[in-house]
Q: 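Take a look at the following structure, please.
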2 protein chains.
Amino acid sequence: MNALNSLSQEELGSAAQRERRKRILDATIALASRGGFDAVQMRAVADQADVALGTLYRYFPSKIHLLVSALGREFERSQAAMSGKPIPGDTAEQRVNYVLGRTTKILQKDPNLTEALTRAFMFADASVSTEIHHVGMMLTSVLTEAMGTRTGDAEPTEEEIAIARVIGDVWLSSLVGWVTGRSSATDVETSMSVAVRLLLR
Amino acid sequence: MNALNSLSQEELGSAAQRERRKRILDATIALASRGGFDAVQMRAVADQADVALGTLYRYFPSKIHLLVSALGREFERSQAAMSGKPIPGDTAEQRVNYVLGRTTKILQKDPNLTEALTRAFMFADASVSTEIHHVGMMLTSVLTEAMGTRTGDAEPTEEEIAIARVIGDVWLSSLVGWVTGRSSATDVETSMSVAVRLLLR
DNA sequence: GCCATAATAGGAACACGTTCCACTTCTCGT
DNA sequence: ACGAGAAGTGGAACGTGTTCCTATTATGGC
């Protein structure tokens with residue numbers, strides 16, 4: 001009934017539905033990885049996921065929802081893969097730079113996918129706010145964790161959260177510059193180092 | 001001959017062409033102001049500017065070029081309107097906050113226009129890099145001017161430029177959050193104050 | 001097992017950005 | 001003034017996101 005949000009994973013009853021959802025997101029990632037934002041065509045996703053176009057739209061009400069949801073899933077996967085391991089570095093600045101540098105490196109390995117997901121994120125409007133908020137929270141918490149103690153035992157302060165948000169904003173802007181071909185990967189690293197140095201001094 | 005960039009204003013020969021270009025940009029702003037990004041439809045722009053669709057595409061090779069060019073013109077106009085007047089405030093932080101606050105206030109008065117221009121800016125790819133760079137430079141120079149002495153006699157240092165870029169990045173990200181309905185105008189002001197305080201301390 | 005209902009398939013139809021084409025009008029060098 | 005080439009007109013046509021409709025299939029309560 002709830003046609004406002006895309007069906008979130010928890011409320012999918014049958015295993016067949018979870019399976020469909022997974023196939024759709026897999027197809028999305030595959031197509032995005034091959035040809036970027038433009039290659040994620042709704043008909044192609046439906047074909048590759050072996051669902052009808054109408055079904056695809058039942059699961060994800062727009063291309064943007066689809067891509068932002070895919071971004072959320074990949075982000076979670078990546079977060080799960082590295083959770084538990086302490087972040088190297090003696091200072092907050094070092095740790096944050098480490099996290100940003102590694103993430104940027106991962107993104108560079110699949111520029112088409114990065115382009116697709118970043119563009120979707122920046123183009124999303126209020127109807128995608130749930131998914132966007134989800135991703136935004138994950139990003140902020142990754143950064144506060146890197147800023148705080150490496151075991152993350154203490155809650156971040158308001159100030160730390162504010163700083164993390166600012167860093168996240170700068171990162172997104174830089175990323176947009178990169179995926180749209182206006183700046184190089186080195187530019188992204190440089191501007192992130194500058195921002196981190198200024199904010200965590 | 002040069003089909004890569006949209007015709008820039010200087011190289012337009014006849015007065016009739018300058019006039020056409022002006023009508024197109026006026027129509028773009030009017031439509032954007034009324035209904036935002038989606039309302040700027042190429043056929044509607046052509047109609048309202050009283051040019052053929054093909055002519056519109058001769059002047060601006062895509063909707064994004066069109067909107068980013070319109071953004072550039074408005075930015076220039078706004079910059080011209082306030083140039084010469086000293087920026088109030090005793091510290092760099094105060095002056096930058098003043099400039100950002102006033103600009104944000106102007107943008108809030110026409111949310112549809114702001115949405116259209118911001119989205120175009122964030123969606124632009126490398127083929128629009130000339131126009132994007134133009135706007136980016138204006139933004140950075142407004143900020144460095146506010147940071148430096150109010151008369152702008154001294155050149156900004158590298159550090160100041162880096163800080164201005166970071167502030168600009170944060171501002172763009174916040175703006176995207178606002179125009180896409182994910183955060184309020186107050187949120188924008190708050191996060192800008194935070195960023196400015198952190199960066200200009 | 002059977003029926004009511006929801007979910008899916010398959011695909012037509014529509015909207016808007018973009019391209020293209022045939023024709024007309026303007027501009028400019030001679 | 002004239003002719004050639006550039007610029008503009010008007011509109012058809014195409015691609016892709018989105019909507020919609022009908023027929024078919026899966027599901028859950030009895």
Side-chain angles (χ1 to χ4, degrees), chain A residues 1-7 11-24 27-28 31-32 34-70 116 119-120 123-125 127-128, chain B residues 1-7 11-24 27-28 31-32 34-70 116 119-120 123-125 127-128:
Chain A
M1 281 308 167
N2 180 358
L4 289 177
N5 299 328
S6 62
L7 280 49
E11 58 198 77
L12 279 175
S14 82
Q17 281 170 324
R18 267 192 304 277
E19 183 54 35
R20 267 195 200 90
R21 188 186 155 93
K22 177 180 185 313
R23 284 206 311 274
I24 291 172
T28 302
L31 287 166
R34 181 175 329 253
F37 187 86
D38 290 343
V40 181
Q41 299 182 0
M42 299 305 270
R43 290 171 180 82
V45 172
D47 274 4
Q48 184 153 335
D50 214 46
V51 298
L53 191 54
T55 304
L56 172 54
Y57 272 94
R58 166 184 292 274
Y59 279 71
F60 301 96
S62 78
K63 175 170 173 171
I64 299 295
H65 279 83
L66 174 59
L67 281 166
V68 175
S69 300
R119 283 198 133 152
F123 208 65
D125 66 1
S127 75
V128 208
Chain B
M1 281 305 169
N2 181 358
L4 289 178
N5 299 330
S6 62
L7 280 52
E11 60 199 72
L12 278 175
S14 81
Q17 281 170 324
R18 268 193 303 279
E19 183 54 36
R20 267 194 200 90
R21 187 186 155 92
K22 177 180 184 311
R23 284 206 311 272
I24 291 172
T28 302
L31 287 166
R34 181 175 330 255
F37 187 87
D38 290 342
V40 181
Q41 300 183 359
M42 299 305 270
R43 290 171 179 85
V45 172
D47 274 5
Q48 184 154 336
D50 214 44
V51 298
L53 191 53
T55 304
L56 173 53
Y57 273 94
R58 166 184 292 273
Y59 280 70
F60 301 96
S62 77
K63 175 170 173 172
I64 299 294
H65 280 83
L66 174 59
L67 281 166
V68 175
S69 299
R119 284 196 131 158
F123 208 65
D125 66 2
S127 75
V128 205

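Order of the sequence lines sets the chain letters (A, B, ...), proteins ahead of strands, with each chain counted from 1.
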Q: Calculate the interatomic distance between B/Met42 atom CE and C/dC20 atom C1'; express it in whole Å.
A: 15 Å

Q: How close or far is atom C1' of D/dA7 from atom CD1 of B/Ile24, stated in whole angstroms?
A: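 Computing the B/Ile24:CD1 to D/dA7:C1' distance gives 12 Å.
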
Q: Using OP1 and OP2 only, check whether a side-chain N or O of A/Tyr57 sits under 4.0 Å from C/dT8.
A: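 So the side-chain polar atoms of A/Tyr57 never come under 4.0 Å of the phosphate oxygens OP1 or OP2 of C/dT8.
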
Q: Between the base of D/dG8 and the side chain of B/Arg20, is one N or O donor paired with an acceptor at under 3.5 angstrom?
A: no

Q: In whole Å, what is the span from the CD atom of A/Glu19 to the P atom of D/dT27?
A: 13 Å

Q: Check the angle between the aromatic planes of B/Phe123 and A/Phe123 and answer parallel, tilted or perpendicular using the 30° and 60° thresholds.
A: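 Aromatic pair B/Phe123/A/Phe123 classed tilted.
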
Q: Grab the two heavy atoms, one from A/Leu67 and one from A/Ala120, that are nearest each other, plus how far apart they are.
A: CB-CB, 3.4 Å

Q: What is the distance from CZ of A/Arg23 to C1' of C/dT8, rounded to the nearest Å?
A: 11 Å

Q: For D/dA7, take OP1 and OP2 only and decide whether either is under 4.0 Å from a side-chain N or O of B/Tyr59.
A: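 Result: no.
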
Q: Without decimals, in angstroms, what is the distance between A/Arg58 CZ and C/dA7 C1'?
A: 5 Å

Q: Heavy-atom distance under 4.5 Å between the side chains of B/Tyr59 and B/His65, does that happen here?
A: no

Q: By the 4.0 Å heavy-atom rule, please label B/Val45 as base, sugar-phosphate, or nothing.
A: nothing

Q: Which comes earlier along DNA chain C counting from the 5' end, the contact point of B/Gln41 or that of A/Thr55, where each point is its nearest nucleotide?
A: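 This one resolves to A/Thr55.
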
Q: For A/Leu56 and C/dG10, what is the distance between atoms CG and P respectively, to the nearest whole Å?
A: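 It works out to 14 Å between those atoms.
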
Q: Select one nucleotide: of C/dA9, D/dT18, D/dG8, the one nearest the side-chain heavy atoms of A/Lys63.
A: D/dT18

Q: Applying a 4.0 Å non-hydrogen cut-off, can you work out what B/Asp50 is touching in the nucleic acid: base, sugar-phosphate, or nothing?
A: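 Here B/Asp50 touches the backbone only, sparing every base.
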
Q: Side chain of A/Arg43, base of D/dG17: donor and acceptor closer than 3.5 Å?
A: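 Answer yes: a donor N or O sits under 3.5 Å from an acceptor.
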
Q: Would you mind reading off the distance between A/Arg18 atom CZ and C/dA7 atom P, rounded to a whole angstrom?
A: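 One finds 15 Å between P of C/dA7 and CZ of A/Arg18, rounded.
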
Q: What is the distance, rounded to the nearest whole Å, between atom CG of A/Asp125 and atom P of D/dG17?
A: 16 Å

Q: Hey, are the side chains of B/Met42 and B/Leu66 touching, using non-hydrogen atoms and a 4.5 Å cut-off?
A: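 SC-SC contact between B/Met42 and B/Leu66 confirmed.
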
Q: Taking the nucleotide of DNA chain D with the closest heavy atom to each, which residue, B/Ala16 or B/Leu53, is nearer the 5' end?
A: B/Ala16

Q: For the CZ atom of B/Arg58 and the CZ atom of B/Arg20, what is their distance to the nearest 0.5 Å?
A: 10.0 Å

